[in-house]
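Since the structure is predicted, the reported quantities are computational estimates derived from the model, not experimental observations. Counting convention: from 1, in listed order, for ligands and their atoms alike.
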Amino acid sequence: MTTDFSIKLPPIAKRGDTLAQVSTPALLIELDAFEHNIACMADMARQHGVALRPHAKAHKSSVIAQKQIAAGAIGICCQKLSEAYPFVAAGISDIYISNEFVGPAKVAMAIELARHVKLSLCVDHIAQIEALGLAADAAGVVITVLVEVDIGQARCGVARMEGLATLVDGIVRHPALRFGGLQAFHGGIQHLTTWDLRRTSAAASADKVATYAQFLAARGIACPLITGGGTGTAEFDVASGVFTEIQPGSYIFMDAHYGANEWAGNKMPRHSLFIAATIMSTAKNDIAVCDVGLKGVAIDSGMPLVKQDDELKFIRANDEHGVLKIIDNPDAIARDRLGEQVLLIPGHCDPTANLYDQYVCIRNDRVEDIWDIDARGLSQ
Ligand code: PLP
Ligand code: MN
């Protein structure tokens, strides 16, 4: 017996390791595909003269945000105030919180962020504006505030012109607040399966936002920014003539849910996010059980796909078990796959990334780098 209780976990991977050496479950980024996705979205926005402000809730990693900015993004979106802190600490200087918040603790966080970076915020109620205006004034900071308008998502955002007018007037009244423009995001149309349906729905949404902007213009209020759009509609939003900024998130990873949709030409981002799993039980003939369950992959948008393996279908996730059915191959029963590594394509990238502390970055089947998911779990 020893009285020394210090014990250290081995790293899940080291630079230079082979993919097979990575300890599973591990969240992998295939760097070639990932870099392709970052460059393509940046090019598309640039070609249309539209600003790109990627949504960092998809990856929650300041290393990735820095790469997006190096490729031409003007800053990032965060969905939560606490989520923004690691990005501030990493030197990201322009952050937009694309989501409403309420209460003194959150307002205090917003003021703290505004002391450090160029901050913009999003509101849909006069009480949010009053609280922010008073706090910003007292702190001597100036904050840009956008108003969210509902363009069909039926979630946050004002749905009436009079409501919009009240909020914009409220912002303009406060000396410490600046009216920044309109937030307009319709998540429901991002995942429509056919390209044409996404195209027509994105056009209808853009028309709706334009109506709000025209209403403000008629009252003599300029709308400096119209921001919205995600991975599924980005190609239409940049060409809409309405959006001046887009905020896609998932495009860097391309989850299985997005990948199941129809894309035009070469516009589909490539799958770059995988979970390395190990088959750790083969006691039954027709199933293989792997070490990735609910704690390793989000299944709200469907089960993960198994990459490049027609023999296995992921059919069930328990807390720490993933059940893989052996399909279409009677010979497979004879082949014992215990110990084999399989790569899973997650159904939904955002909540999956939030389950891990690090990305293990792979090129040519070798570990090239390991990046912290430094905003993981920060949802306040
Ligand atoms: N903007 C807002 C407000 C969102 O809620 C989301 C995602 O849900 C996005 C942008 C990014 O969307 P996507 O990950 O589909 O590109
Ligand atoms: Mn998502």
Side-chain angles (χ1 to χ4, degrees), residues 34 37-38 40-42 44-45 50-61 64-65 68 73-81 83-84 95-101 120-124 146-157 180-193 198 201-202 205-206 209 225-238 243-261 263 267-273 297-302 304 345-355 375-376 379:
F34 169 83
N37 296 344
I38 287 192
C40 285
M41 188 62 80
M44 189 170 76
V50 168
L52 170 64
R53 183 184 288 278
H55 216 302
K57 79 183 171 69
H59 53 73
K60 287 181 163 271
S61 163
I64 295 181
Q68 291 173 310
I74 59 159
I76 58 165
C77 295
C78 287
Q79 203 78 315
K80 298 298 188 79
L81 292 154
E83 187 179 57
I95 299 180
Y96 167 48
I97 313 289
S98 62
N99 196 11
E100 287 78 1
F101 58 87
S120 38
L121 301 170
C122 170
V123 299
D124 65 359
L146 280 74
V147 176
E148 180 163 10
V149 291
D150 190 345
I151 53 168
Q153 169 93 339
R155 192 171 64 182
C156 304
L182 300 178
Q183 158 75 17
F185 180 75
H186 191 341
I189 64 173
Q190 300 301 320
H191 292 268
L192 292 173
T193 49
R198 286 205 305 285
S201 306
S205 296
V209 200
L225 180 71
I226 298 183
T227 181
T231 299
T233 61
E235 62 179 303
F236 313 116
D237 298 327
V238 289
F243 286 96
T244 61
E245 180 181 281
I246 54 165
Q247 42 184 252
S250 306
Y251 73 99
I252 50 166
F253 293 147
M254 197 59 183
D255 51 40
H257 196 236
Y258 259 129
N261 296 340
W263 295 78
K267 291 274 169 52
M268 175 171 156
R270 299 184 187 155
H271 291 302
S272 73
L273 188 74
V297 64
I299 59 165
D300 61 295
S301 301
I345 305 171
H348 191 180
C349 59
D350 308 57
T352 297
N354 196 44
L355 297 170
R376 166 251 221 285
S379 57

Using the side chain to side chain donor-acceptor pair (under 3.5 Å) criterion, which residues pair with Tyr96? Sequence neighbours excluded.
Gln183

Side chains of Ile189 and Arg198: closer than 4.5 Å at any heavy-atom pair?
no

Modelled atom types, side-chain donor and acceptor of His348 and Asp255, under 3.5 Å:
no

Does the Thr233 side chain pair with the main chain of Ala202, one donor and one acceptor, at a distance under 3.5 Å?
no

Would you mind writing out a table of all protein N or O atoms found under 3.5 Å from any N or O atom of ligand 1, naming both atoms and giving the distance to 0.1 Å?
from     : atom 1 : to     : atom 2 : distance (Å)
ligand 1 : 1 (N)  : Gln247 : OE1    : 2.7
ligand 1 : 5 (O)  : Gln79  : NE2    : 3.0
ligand 1 : 8 (O)  : Lys57  : NZ     : 2.9
ligand 1 : 14 (O) : Ser250 : N      : 3.0
ligand 1 : 14 (O) : Ser250 : OG     : 2.5
ligand 1 : 15 (O) : Tyr258 : OH     : 2.6
ligand 1 : 16 (O) : Thr231 : N      : 2.8
ligand 1 : 16 (O) : Thr231 : OG1    : 2.6
ligand 1 : 16 (O) : Gly249 : N      : 2.8
ligand 1 : 16 (O) : Ser250 : N      : 3.3

Dump the intermediate steps for ring pair (Phe, Tyr, Trp, His ring centres under 6.0 Å) on His191 and Tyr258, then the final yes or no.
CA-CA 6 Å; His191 292 268; Tyr258 259 129; 3.9 Å; yes

Just to be sure I understand the site: which N, O or S atoms from the protein are less than 2.8 Å away from the Mn ion (ligand 2)?
His348 NE2, Asp350 OD1

Across all chains, not counting sequence neighbours, the side chain to side chain donor-acceptor pair (under 3.5 Å) partners of Glu83 are Lys60

Polar side chain donor-acceptor pair, Gln190 to Thr231, under 3.5 angstrom
no

Do Ile64 and Phe34 have side-chain heavy atoms sitting under 4.5 Å apart?
yes

Does any non-hydrogen side-chain atom of Ser98 lie less than 4.5 Å from one of Cys122?
no

